[in-house]
Amino acid sequence: MNFADKTKLTQLENQKLAIKEMIRLVYSASRFEDNKATIRETETIILGSDVYGLSTRDTKIIRQLQSAVELMIRNSKPYSLAVSHAINGLVAKGESVAWGMLRTGKVKIGGTDYIPMIPVYDRVMADLTEIMMADQSATWKSLKVMLYIMHSQLYWDGNKRTALLSANYILIQNGAGLLIIDDEHMTAFYRLLNGYYNTGHGETLMNWLYETCIVTDKALDAKKESFN
């Protein structure tokens, strides 16, 4: 399948798109933790207010995700493992024995028979370097990194959140849009993700993410087309 970038923005334009879609992106990532905040409550928290009746944990998840998205928008360095470490250090802080560093023990993924290997730093670095050096589009690289982090379970906690935001970091750096999994697509996402865990084959999930979840600024794209 051809994973050509669906939009061609400047980095600044893509950063502005991320700011515009921050509530939607934070809400999407929070759903990985079965967060109870609605998208409107997510907006309230991002704007700096508390939500009556929402648990401290759910509020904390939103605020930590907001900090991670803000980091993505501000940072101009090329993607590396250090970026995912920084993202995980924000989204998983206080949730596990360690955050912002590679997992050093065994974990099991609920609902599957898949048991990921303990990540080895040199191997992870080599795998991510191979992805990022490939002669492929930024969108292909972002999806590959996302699937790699989720399947490898690089961290003790927050792997799906870290994977989603790492993918978005790559997209933003390259002006290729955003990747957001909206509520109506979550069931399909989990079905395909479990299939990926069980088989190790991520092509179907990758194709689905590309077709369903890439977000572009259509108004800006249309404006650019009018000048070409």
Side-chain angles (χ1 to χ4, degrees), residues 1-22 24-29 31-32 65 68-88 90-91 119 124-155 158-182 185-186 188-190 192-193 196 201-218 220-221:
M1 180 175 176
N2 179 16
F3 291 93
D5 295 332
K6 292 188 175 184
T7 186
K8 298 290 185 182
L9 305 175
T10 66
Q11 185 175 335
L12 178 58
E13 288 169 343
N14 217 132
Q15 288 169 335
K16 290 180 178 179
L17 176 60
I19 294 170
K20 175 184 172 185
E21 298 289 355
M22 180 182 290
R24 191 175 161 204
L25 180 55
V26 169
Y27 175 73
S28 171
R31 300 299 294 144
F32 292 146
L65 283 167
V69 172
E70 289 171 349
L71 170 72
M72 288 164 36
I73 294 169
R74 293 194 307 267
N75 201 329
S76 60
K77 296 178 181 178
Y79 172 77
S80 67
L81 178 59
V83 169
S84 288
H85 281 356
I87 291 170
N88 186 262
L90 290 171
V91 304
V124 173
M125 285 290 290
D127 290 341
L128 290 175
T129 298
E130 182 178 358
I131 292 171
M132 296 307 296
M133 293 298 290
D135 185 18
Q136 298 284 351
S137 69
T139 303
W140 181 92
K141 294 174 183 179
S142 72
L143 294 172
K144 278 290 187 180
V145 167
M146 179 176 176
L147 267 62
Y148 179 81
I149 293 172
M150 291 190 298
H151 194 262
S152 301
Q153 293 287 290
L154 295 184
Y155 304 99
N159 285 284
K160 290 189 291 293
R161 285 169 287 167
T162 302
L164 177 69
L165 297 187
S166 295
N168 276 285
Y169 186 93
I170 296 168
L171 291 170
I172 291 169
Q173 292 291 303
N174 292 276
L178 299 171
L179 196 160
I180 300 176
I181 306 170
D182 289 318
H185 301 308
M186 276 292 177
F189 168 75
Y190 275 111
L192 294 170
L193 179 61
Y196 178 37
H201 300 301
E203 293 83 1
T204 301
L205 174 57
M206 188 167 169
N207 292 342
W208 179 85
L209 288 166
Y210 180 77
E211 294 293 345
T212 309
C213 302
I214 299 295
V215 176
T216 65
D217 192 327
K218 294 179 181 178
L220 183 58
D221 289 342

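Note that the structure is a prediction, hence the values are computed from the model and not measured. Numbers for residues simply follow the sequence, beginning at 1.
Using a 4.5 Å cut-off on side-chain heavy atoms (C-beta onward), Cys213 and Trp208 make contact. In this structure, the side chains of Arg161 and Leu164 stay at 4.5 Å or more apart for every pair of heavy atoms. Within the 4.5 Å cutoff, the side chain of Glu21 has no heavy atoms near those of the Asp217 side chain. In this structure, Met72 and Leu25 have side chains that are in contact, with non-hydrogen atoms separated by less than 4.5 Å. Side-chain contact between Thr212 and Asp182 is absent, with no heavy-atom pair separated by less than 4.5 Å. A 4.5 Å side-chain heavy-atom check between Thr7 and Leu17 finds every atom pair outside the cut-off. Side-chain contact between Ile73 and Met22 is present, with at least one heavy-atom pair separated by less than 4.5 Å. You'll find the side chain of Met206 stays beyond 4.5 Å of the side chain of Tyr196, heavy atoms only.
With Tyr148 contributing its side chain and Ala163 its backbone, the two residues share no donor-acceptor pair below 3.5 Å. A side-chain donor-acceptor contact under 3.5 Å links Gln173 to the backbone of Asn75. In this structure, the side chain of Asp5 engages the main chain of Thr139 through a donor-acceptor pair within 3.5 Å. Judged by distance alone, the side chain of Asn14 and the main-chain N or O of Asn174 form no donor-acceptor pair under 3.5 Å. Looking at Lys6, its side chain does come within 3.5 Å of a backbone N or O of Tyr210 through a donor-acceptor pair.
Atom-to-atom distance recorded for Ile170:CD1 and Leu165:CG is 11.5 Å, nearest 0.5 angstrom. Going from atom OH of Tyr190 over to atom CZ of Arg31 covers 8.5 Å, rounded to the nearest 0.5 Å. Within the model, atoms CG of Leu9 and CD1 of Ile172 stand 10.5 Å from one another, a figure rounded to the nearest 0.5 Å. Within the model, atoms CG of Leu143 and CD1 of Ile214 stand 5.5 Å from one another, a figure rounded to the nearest 0.5 Å. In this structure, the separation between CD1 on Ile131 and CE on Met146 is 13.0 Å, given to the nearest 0.5 Å.
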**Report entry** Stepwise side-chain contact (heavy atoms from CB on, under 4.5 Å) test for Val69 and Asn168
**Finding:** CA-CA 9 Å; Val69 172; Asn168 276 285; over 6 Å; no
Requested in this report: Could you check Leu154 against Thr162 for side-chain contact (heavy atoms from CB on, under 4.5 Å), going step by step and ending with a plain yes or no?
Outcome: CA-CA 10 Å; Leu154 295 184; Thr162 302; over 6 Å; no
Report task. I would like to know whether Ser166 and Ile149 meet side-chain contact (heavy atoms from CB on, under 4.5 Å); could you show each step before the answer? Result -> CA-CA 9 Å; Ser166 295; Ile149 293 172; 3.8 Å; yes
Query raised in the report: Stepwise, does the side-chain contact (heavy atoms from CB on, under 4.5 Å) test hold for Met186 with Ser28?
Result: CA-CA 9 Å; Met186 276 292 177; Ser28 171; 4.3 Å; yes
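Here the shortest heavy-atom pairing between Gly177 and Leu171 reads O-CB, 3.2 Å. Closest approach of Met150 and Gln153 over heavy atoms only: O-NE2, 2.7 Å. In plain terms, the two heavy atoms of His85 and Tyr155 that are nearest each other are ND1-OH, 2.8 Å.
Within a 6.0 Å radius of CD in Gln11, more than 12 heavy atoms belonging to other residues, nucleotides or ligands are found.
Lys141 forms no cation-pi arrangement with Phe3, by the criterion of a distance under 6.0 Å to the ring centre and an angle within 45° of the ring axis.
With hydrogens and angles left out, the side-chain atoms of Tyr79 and Ser84 include a donor and acceptor closer than 3.5 Å.
Ring geometry, Phe32 versus Phe189: the interplanar angle falls from 30° to 60°, so the pair is classed tilted.
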